[in-house]
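Contents: one structure, followed by commentary.
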Amino acid sequence: MLSSVESAGYSCTMSPASAQRRTLSVLFLTQVVGGTGSALGGAVAALLAAELGGVGISGLAQSASVVGAALLAVPATAMVHRQGRRPSLAACYATAATGALLIVAAAVRHELSFLFAGTFLLGGSTAASYQARYAAVDLAPHALRGRHLSLIVWATAVGAVIGPSLAGPAGTLLARRGIPTLAGPFLFASLLFVMAAVLLLCLLRPDPAVVARHAQAQTEADAVPPRGAGVREAARMVGATPAARLGVITMALGHVVMVGVMTMTPVHIRAAGHDAAHTLHIVGLVLSAHVAGMFALAPVFGWLTDRLGRRAVIAVGIGLLLTACAVAGTAGQEPRRLAAGLLILGLGWSATLVSGSTLLSDAIPTERRASAQGFADLVMGLAGASAGALSGVVVGTWSYPVLTLMAATATVPLILAVLAASRRFA
């Protein structure tokens, strides 16, 4: 059955299945472009903060970005309700491009306030990436949600693996033109974010959120009119739904472990005493392994989520996170062992993100799904920001191995939540 969808001043006639195929193609492309920009900046943000303000506040730069991603999820979700996914995603990338340029200005002027404002806005790229995974399931059949969501998570791997490796050459190239070495990657990142925004505005048609609401209105005589739910209402809705609650807890605590360890790994490498260029080279290699783990096997976790169940993959993610903390915490400053630990850390994060996101999307009705998803990203982001902020204090006061030990203990509430859910659904 064909559906006629009116969205943002244009109309198109396309079946939901055809619209879903087009949506996945466009999201895949923009995730590659945006992922490259995000990884370029993420590879050196903590290093630039350490250079401008010291190791003790280096974790705050990553935290500012994570807080930005979390808080930007709120207006992004409101925009989904009013206008759809396309303008919401494009606005997030435009915000990130502005943030990247502010960071360049911070490095040139040695202005720490510019750095934190820029990293906050840079969180728009993360917000866009997270929202894109939900856009992938707006029109997906229930039996394929895990696979479609994980495909978009996986798309980020292409750019995310390439990005950190380009940080060194980008910094060196622009250093010849008077741009500080650690600022160069952010200038390139801003261009990539603008490109992603333009591609979304031009190609993500029809809008998947609008098509999904239209399809529901056609099939449900008593469908609730699409309207946004505030943060408090979304929190009550998630809290009253056990499966949704477990999904949010899974994403939040998986993010805590990942952000806490990942944020301070470049600073840990820097402590070896290498010059800036060599440090960037090692950081690029280690973080490339990390982001490969985060995204490369996402389709496998999506397939497992659909075949074995959401809760089974959550348990796999917990095991991987614990293993990662053990490997990274005992690696010293040996690049290969750190790369292995960060690779496993990325795999654990991927498993918890895919399974938790799918579980949440299953549990919430279409007309309220975007609000619950925005709330989940807000919680996940704030939890990760707290971990990032504390990570610098922990490493500055104690050590990197102590940080990984503390990160491992953060999985305890998630383990208890999974056990409680297993008893409830046994």
Side-chain angles (χ1 to χ4, degrees), residues 27-28 31-43 45-46 62 65-66 69 122-123 125-134 136 146 149-167 250-266 283-305 313-314 316-325 327-328 338-358 377 380-381 383-384 387-388 391 404 407 411:
L27 291 175
F28 190 98
Q31 286 288 88
V32 171
V33 176
T36 301
S38 296
L40 263 172
Q62 180 67 27
S65 179
V66 176
L122 193 70
S125 65
T126 303
S129 180
Y130 289 162
Q131 289 291 313
R133 79 189 192 276
Y134 290 132
L149 184 149
S150 64
L151 176 66
I152 300 308
V153 174
W154 177 75
T156 312
V158 180
V161 170
I162 294 172
S165 299
L166 295 177
T250 298
M251 289 184 281
L253 292 182
H255 205 52
V256 163
V257 177
M258 188 277 287
V259 172
V261 175
M262 180 273 294
T263 297
M264 295 309 295
T265 299
V283 168
L285 293 177
V286 171
L287 291 191
S288 289
H290 175 58
V291 295
M294 290 174 69
F295 304 115
L297 292 187
V300 175
F301 292 126
W303 180 80
L304 291 173
T305 296
V313 179
I314 291 173
V316 171
I318 294 171
L320 288 168
L321 291 173
L322 290 172
T323 302
C325 289
V327 174
L338 280 172
L342 271 288
L343 171 67
I344 300 169
L345 182 70
L347 291 172
W349 177 85
S350 182
T352 55
L353 181 76
V354 170
S355 56
S357 301
T358 307
D377 282 354
M380 183 174 74
S391 66
T404 60
T411 64

Distance, nearest 0.5 Å, that separates [atom1] of [X] from [atom2] of [Y]:
X	Y	atom1	atom2	answer
Ser38	Leu122	OG	CG	6.5 Å
Ser129	Leu27	OG	CG	10.0 Å
Leu321	Thr404	CG	OG1	12.5 Å
Ser357	Ile152	OG	CD1	13.0 Å

Identify the two heavy atoms, one from [X] and one from [Y], that lie closest to each other, and give their separation to 0.1 Å.
X	Y	value
Ser150	Gly302	OG-CA, 3.4 Å
Ala252	Ala383	O-CB, 4.0 Å
Gly384	Val259	O-CG1, 3.2 Å

So which of Leu345, Thr352, Leu253 actually passes side-chain contact (heavy atoms from CB on, under 4.5 Å) with Met258? Leu345
Considering the options Val158, Val153, Leu347, Leu353, which one meets the side-chain contact (heavy atoms from CB on, under 4.5 Å) requirement together with Phe295? Val153
Test log, rule side chain to side chain contact (heavy atoms under 4.5 Å, CB included), inputs Val313 and Val354: CA-CA 9 Å; Val313 179; Val354 170; 5.9 Å; no
For His255 and Tyr130, take the angle between the two ring planes, folded into 0 to 90°, and tell me which bin it lands in: parallel under 30, tilted 30 to 60, perpendicular over 60.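 His255 and Tyr130: perpendicular rings.
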Quick one: are Val316 and Leu304 in side-chain contact, heavy atoms under 4.5 Å? no
Check: [Y] main-chain N/O paired with [X] side-chain donor or acceptor under 3.5 Å:
X	Y	value
Ser350	Gly346	no
Thr305	Phe301	yes
Thr358	Ser355	no

Starting from the C-alpha separation in whole Å, work towards a yes-or-no answer on side chain to side chain contact (heavy atoms under 4.5 Å, CB included) for Thr156 and Arg133. CA-CA 10 Å; Thr156 312; Arg133 79 189 192 276; over 6 Å; no
